[in-house]
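Before any comments, here is the structure.
Just so you know, these numbers come straight off a predicted model, no measurement behind them. Lettering of chains follows the sequences in order, A, B, ..., and the numbering in each one begins at 1. What you see below is based on every heavy atom in this structure, not just the backbone, and it leaves out hydrogens, waters and symmetry mates.
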Amino acid sequence: MTRQKRRDWLMKSEPSVFSYDDLVKEPDSTAMWDGVRNYQARNLLRDEIRVGDRVLFYHSNDAPIGVVGVCRVVRAGYPDPTQFDSTQKYYDPRSSKEKPRWYVVDVKAQKRLSRIVTLAEIKEDEELSDMKLVQKGQRLSVQPVTEAEFDRIVVMSKQ
DNA sequence: GCCAACGTTGGC
DNA sequence: GCCAACGTTGGC
């Protein structure tokens, strides 16, 4: 068994729905990343994301749009319980406990950036021009980032 | 609120 | 399998 290298990710959330502050307020600053209903993102949550991986927490939709904090994955992919609950918004009648369709990971807030690194800045930064986030048509709410991209954003937050 | 870019659904 | 219609994401 070869040990897989830690990987880095970016996850989007609308702050009006679930913000970085909301995550910090959770017990142990930890929450399920639920409600992902896109198969590409699902595959990442189920198959690729591992305990110890780093996550950039991104606020979408509401200004200021950008990366606000850093998290750590503390539990790898398991079935999203909201898909089984008919009272929930994320209920999926096509899913069953035997054959779950959607997955979550648990993330723990690690460090709020000293300031938000905005989408506008990310777009302007030459070192970040290959980020999936700024590729045309790219809307994945869970996406891989390189170590260099991750570290660059943290550096920018300190400037 | 608008709309571009995708993703999903369902008839055929 | 094709593709039109519809739904969603997410920046502006």
Check this one for me: any side-chain N or O of [X] less than 4.0 Å away from OP1 or OP2 of [N]?
X	N	result
A:Gln40	B:dG7	yes
A:Lys136	B:dA4	no
A:Lys123	C:dC12	yes

What is the distance from [atom1] of [X] to [atom2] of [N], rounded to the nearest Å?
X	N	atom1	atom2	result
A:Gln138	C:dG11	CD	P	12 Å
A:Lys132	B:dA5	NZ	P	19 Å
A:Arg42	B:dT8	CZ	P	10 Å
A:Leu10	C:dG10	CG	P	10 Å
A:Leu133	C:dG10	CG	P	10 Å
A:Asp92	B:dT8	CG	C1'	12 Å
A:Gln135	C:dG10	CD	P	15 Å

Would you call A:Asp53-A:Arg7 a salt bridge at under 4.0 Å N-O? no
Could you tell me whether A:Asp80 and A:Arg37 have a side-chain N and a carboxylate O separated by less than 4.0 Å?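 A salt bridge is present here (some side-chain N lies under 4.0 Å from a carboxylate O).
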Of all the choices, C:dG11, B:dA5, C:dG10, which nucleotide is nearest to the side chain of A:Tyr58 once you look at every atom?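 Selected nucleotide: C:dG11.
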So which nucleotide from B:dG7, C:dC12, C:dG10 ends up closest to the side chain of A:Lys12?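 Among the listed nucleotides, the one closest to the side chain of A:Lys12 is C:dG10.
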Can you list, by chain and residue number, the hydrophobic cluster partners of A:Leu128 when the side-chain cut-off is 4.5 Å? A:Leu10, A:Leu56, A:Tyr58, A:Ile65, A:Val67, A:Val70, A:Leu113, A:Val117, A:Leu119, A:Ile122, A:Met131, A:Leu133, A:Val134, A:Val145, A:Phe150, A:Ile153, A:Val154, A:Met156
Determine whether a donor-acceptor pair (one donor, one acceptor, N or O, separation below 3.5 Å) exists between the side chain of A:Arg139 and the base of C:dT8. yes
Looking only at the aromatic ring of each residue, does the gap between the centers of A:Trp9 and A:Phe57 stay below 6.0 angstrom?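 So the answer is no for these two rings.
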